[in-house]
*Asks:* 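Before anything else, here's the structure in question.
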Amino acid sequence: MKLNQGKIGRQEIVCAVAITACASGIFTPGSQTLYANGNPAYISMLLSAGLALCVFGLLVRAMRRTGAHTLWELLRFGLGSVAGRIAATFYTLLFILSAASLLSRFTLLLGQFVFPLTPGWNILIYLLAAACVPAWLGLEGLGRAARLLGWPMLFSLTLALILAAGNYEPYRLAPFPGDSMPGLAGFGARGTLFFLPALLGLLVVAKGAHGLSNAGKAGYIANAVSGVLAAVCRLCLGMSYSYKDLAQMHSPMYRLATGFKAEGYFSRLDVLLVFGWAMGGMLAAAFYIYAASYLYTNAFGQEDIRPSVAVFSGVAGAAALAPHLQFAPPEAVMAFLSAYGYILMVAPLLMAAMIARAHVKRRRRARGGAV
Amino acid sequence: MQTKERKGGSIWGILRFDEADEEFELLESERGRPKAYTRPEKPAPREKPAPASRFLFENERRLRQEFRCNVNSDILLRRFRLGQSVDALAVCMNGMASGGMINDFILRQGMRPGCMDGAAGSPARFAMDNIFAQQESECTADWQTIKMAILDGKTAVFIEGDELAVLMDTRGYEKRGVENAQNEKVVKGPQEGFNESLRTNITLLRRIIKTDDFVCEFQHAGGKNNVQLAIAYRQDVVNPNLLKEVKRRLHNVRARMLTSDGAIERMTERYGLSPLPQVLSTERPDRTAAHIMQGHVAVLLEGSPTASVMPATLFTLMATSEDSYMRRPPGAILRMVRYIGAGMSILLPGYFMAVAMHHQGMLSTETIVTIIQSREMVFLPLGLEMLFLLWVFQLLREAGVRVPGSVGQSIGIIGGLVLGQAAVSANMVSTVVLIIAALAGLGNFTIPDYSTQIAASYFRIFLLLLGWAGGLLGLSAGIVVLTVWMARLKSYGVPFLAPVAPKTFKGGSGGMRGRINRRQRPVDYINTWEEGQ
Amino acid sequence: MKKALRIACVILSAGVFLICAAGCIEQKSPDEYGYVMLIGVDEGKMKPFHVSMLLQRGADDDEGDTAGPLIAAECENLFEAVSLLESGLPFSLTLSRTSAIVISEAVASGGKAEELLDVSLGIVFIRYHANLITAHGRADAFLRRLQSGLNKNLTKLEKGFVEFSEETGYVPVVTLAQFYDLAWSGAGDVIVPLGAKEFADEGEARPAKEKAGGMANGTPGDRNAGTIGALAEEGVIYAVDLLGEDTFLPGYMTREDGLTGGMMGSAVFKGTRMVGVLNGTHTQALLMATGHFRHGRMHIPLPDGKKISVMFTGKGKPATTLLLYDEPLASFKIDIHAAIEQPAGVASYSRQELRRGIEGYLEGLLREIFSACKAAGADVFSLGKAAVVQFDDARRWEAYDWEGAYTKTRAKFTVDAQIVFDFTRSRVE
């Protein structure tokens, strides 16, 4: 077996998952829907992270009760071999699309603001290579690199927020909260699409994180960190621009970085900061691709993860490039996914968890033991 | 469990999807705690030569034949009468054995009348115990052992009527004395360095490590030139799995000629194509001893003035022995300077290229004007300018090493001043790029390990090309790939970036110096016996 | 082994080919660019705009004292300007170093700024922290006046104006980001630094009197001094017209050569259209009310006809409250630190009298400015910010007619000045 997993410590896996969730939470949400009704994104981000944490907690409990060590084992135990494989394929696609979404966002950002005369695929090749190679090399390299590169990424993020402090005006958050409670809750629920895939990826590679117990703790920490960071970023964005402006920006974080009131070198730091974030994006995409490959390899009994990594990297690259080549999916499909995607994502998991627990209870009852 | 040994990491291993990769792990892996490998793979048993004969003439005939005495006059065969009663034959290699020791302690002692009186049992054993006054002696009938001992500079004494021969250490060949370490100079601390004599090197280690568990195992190096190597370690500290793995890899070494530990390193490393070394090569006994005390294993080869210490991490390669001899604040500052210099050496040219070619908005007005003015008449594109200067730097470096004597020192001055100034005057390069290349070159020299310096040069070129082609995007992609690759690299089962990634307990001195009382504990990432393994 | 080697070679070759085909990202050496430091926009004769660009040149340029070449073209928009100018130049233009955009009064008051300052400016790499300046007269003339042997580093020169603002309060500082924010959000209106005009540039005679402090278009009596409404219909209302203010306009200087560009107050915008001009003193007062004032010197008239010089220092943001009645009521409480620089001249006044005098003067000034700007419909006190925080739903805020409510707003200004007689605390510039 060449799964290139190895074992990584808690700090490493926390960094890997936190970077992934942060990158997805900060850079992938579409501004038009997020700021359609005011500026409550910082609240809905926290809600999304919280909901993702709840789902993650339920899954961890279910896995502990049923003795499943990884997500695949839970799916197989809960849904059976065939349905489990179908679900595994679905989540593989989810991971690939999450990676593609990140790569696409960064391609757009860099193509618009940093390399305007460069075709999108030219930019994407660098991002994709930097995502494919870590996934190929495996979880150990990915986790340890995340621990090392997580600090520059965190530094570039916080530096951007600190340097932009001169532009913050609390009135821009008004009207507060901007939307009704049901509306906020809806945003929060839809936003789990940004945080949950990273946690699911953690459950896929839980063995490499020294088991479910450690993976669970790591997931809680990573989610908390990423949720807070994403919410703080949205708060700072909300204080820098009104919701009407934000609704028209596809890369608000970059706009934040170009608006520093600082003198001298700090006013020209935006490009450097963007590449600090891009490194996080590359690692995040690598984590998604690795998780997809690992899940697929486990589900379909493959011996080597590397062919899957190569293929899924290509698929993610193609999916990332499609919007730049005017091959966007139909509007109706995108609208449906945006509105109900979180239900599609969560439903099979909860079903698998409940069925698996029911099996266990039945088995224990049959043995006459305590339930 | 038999493992398939990859031959130094072949390039097509990357495409073998059907083969399991049983990599040696010292820390826990996805398969659980690392299990010890079974006894090392034994070489195919060669046909053992017949043992020594009881008859002296037979032994002499065989020796003359096998050592080609008709053309090879190096072998000395001296017949004498032991105790003036028993025929004996002393065999040694001219120049390798000390004539004085043979005369004084073998021939004179052996020729005393009546010295064999009362001999019972094996004459050879009697002679070894009662006649020959040599501290290192043994009796053996194994013909191969006898021949190796003669080739090694020992003297073999055959006695009529006994198949056992007495082997005595009479080595007295010319060798270089203990001198200063040439390539690892320090300001504070010992100045001694290893030399080519294995025995001397081990002595230098034993002067520092005076513990009863310090073991030096000798074995055949694996080359057809029959040199020996020594595996040095502390038995009560070292991880037994690590030791077994080292022995297993050494056992698989097969070469025509082994003269330096570099060849051993090449044949035992897992990632043959990695620019970064996986073994620390040092010519300082104090540095070697420090690592042995921490639980590392050192391999010394006869004829090589360096020791190979394994496992080696990036921080091991970046540390010098001087770090231990300085106080904590200056030691920490020096180490920081070293890391900053190394980072600058690798990143600065690529960063400059990326910013100058793709992101001019990041430069201040003054910098832009300076660059524009300095490049007004330069005909080379910026990227080629930088490559040219880095190439010149490498040439100077190689020339400075190869050119002998005092001229070698002048190369640096001539090359730096004349070439640099001439290149600027000839409008081949601009002053700004010259400064960048010079800073990168200087930063390279702050890296203590020579192999790591070379590796840093490769990384510099790689990142420079990426920065040139893709700006900061290319540079950041390169940094991510390099970091992940280094994080994945292992040296004898230990991650290359330990103890930073993976993070081990705080007592270890990862990047910066730890408190001295914490250095009483061995490093965590080797899982030594002292750690309760 | 041979087959594996062949496969490896094929894959490696494909990889190398791919990388080469991907090509290097578009790149140019720094000396292949011309760096546009300042952009000026005027009305064009044949096309909507006349865009001029001041480039940065080398430090040891032998061609006279000019800081850099000024190039210009007529165009539909800024993107076309860049293309047209590049086509005639031996290098490409980059706007990533642009530190300021200067819009002429004609363009600003004609409402063309909205079309020009589209958010898509980011595509041409103009940084959002670039400053915005309105030129009183032609923008290209203003740029020409900045060319000077004093400092060939145009970034430092432009930065000097920002520092001038912070040290004196005579002009505000507005970046593109702030302009976009206020112009389109409805939470207030912006005042933009006003570049001074040189009469000789446009062949106009200097006004006979400097009563209005050298106001470019003549004295109040020369203009149609109708009602405020009539004036508003003309398109631009000058503070001097509304307020009868004849204070000398700071920043307006006559120089024979060298740097002749300067600042003279601020231009008032309603949305993206310029609707008025405030002189330096008015600008100082307005900045005090909006919390952007750091230091500045004012000359306060005393009852006995004398004027004293007072150095003011801001003490943080003023407290603003807004009550959204049918006629909204706004109140401003401004804390300010006042150092009187001629203590001997005020010996006959008590501290209390001086304080009341200074506070009264500032409050009066602020009331006048508020009335004038309200008449022009410009919410320069950013009362919109105080209005929006009183809503909890974006839809209700969007449905609320704040513009209409603003025209009925009443304002009350309370200034609390702390007087210091220590003349050493003031600074001579």
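Here is the naming used below: chain letters follow the sequence lines, and residue numbers restart at 1 for every chain.
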*Asks:* Using heavy-atom distances under 4.5 Å, tell me whether B/Y351 contacts chain A through its side chain, its backbone, both, or neither.
*Replies:*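 Side chain only.
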
*Asks:* What are the two closest heavy atoms between B/Q360 and B/M357, and how far apart are they?
*Replies:* NE2-O, 3.3 Å

*Asks:* Give a yes or no on whether the backbone of B/P349 and the side-chain of B/R460 come within a donor-acceptor separation of less than 3.5 Å.
*Replies:* no

*Asks:* Quick one: of A/A286, A/A131, A/G143, A/A145, who has the most non-hydrogen atom pairs under 4.5 Å with chain B?
*Replies:* A/A145

*Asks:* Which atoms of B/L475 come close to chain A, meaning under 4.5 Å heavy atom to heavy atom: side chain ones, backbone ones, both, or neither?
*Replies:* neither

*Asks:* Against chain A, label B/L472 side chain, backbone, both or neither, depending on which of its atoms sit under 4.5 Å from a heavy atom there.
*Replies:* both

*Asks:* Output the option from B/V481, B/L497, B/V355 having the highest count of non-hydrogen pairs under 4.5 Å with chain A.
*Replies:* B/V481

*Asks:* State the CD1-CG distance between A/I123 and A/L110, to the nearest 0.5 angstrom.
*Replies:* 5.5 Å

*Asks:* Between A/L148 and chain B, with a heavy-atom cut-off of 4.5 Å, which part of the residue counts as in contact: side chain, backbone, both or neither?
*Replies:*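 A/L148 touches chain B through side-chain heavy atoms alone.
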
*Asks:* Just give me the residue among B/A487, B/G478, B/S476, B/A354 that pairs up with chain A most often, heavy atom to heavy atom, under 4.5 Å.
*Replies:* B/S476

*Asks:* So, the side chain of A/S156 versus the backbone of A/M153: is there a donor-acceptor pair under 3.5 Å, distance only?
*Replies:*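 Yes; at least one donor-acceptor contact below 3.5 Å.
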
*Asks:* Determine whether A/T70 and A/Y294 satisfy the following criterion, side chain to side chain donor-acceptor pair (under 3.5 Å), listing intermediate values before the conclusion.
*Replies:* CA-CA 11 Å; A/T70 64; A/Y294 193 83; over 6 Å; no

*Asks:* At a 4.5 Å cut-off on heavy atoms, which part of A/M279 comes close to chain B: side chain, backbone, both, or neither?
*Replies:*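 Backbone plus side chain of A/M279, per the 4.5 Å heavy-atom cut-off to chain B.
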
*Asks:* Is it the case that the side chain of B/S491 and the backbone of B/V494 share a donor-acceptor pair, with hydrogens and angles ignored and the cut-off at 3.5 Å?
*Replies:*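 No: the side chain of B/S491 does not pair with the backbone of B/V494.
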
*Asks:* Using non-hydrogen atoms only, which part of A/L272 is less than 4.5 Å away from chain B: side chain, backbone, both, or neither?
*Replies:* both

*Asks:* Which one, A/A130, A/G141, A/C132, leads in non-hydrogen pairs under 4.5 Å with chain B?
*Replies:* A/G141

*Asks:* Minimum heavy-atom separation for A/S101 and A/T28, please, with both atom names.
*Replies:* OG-CG2, 3.4 Å

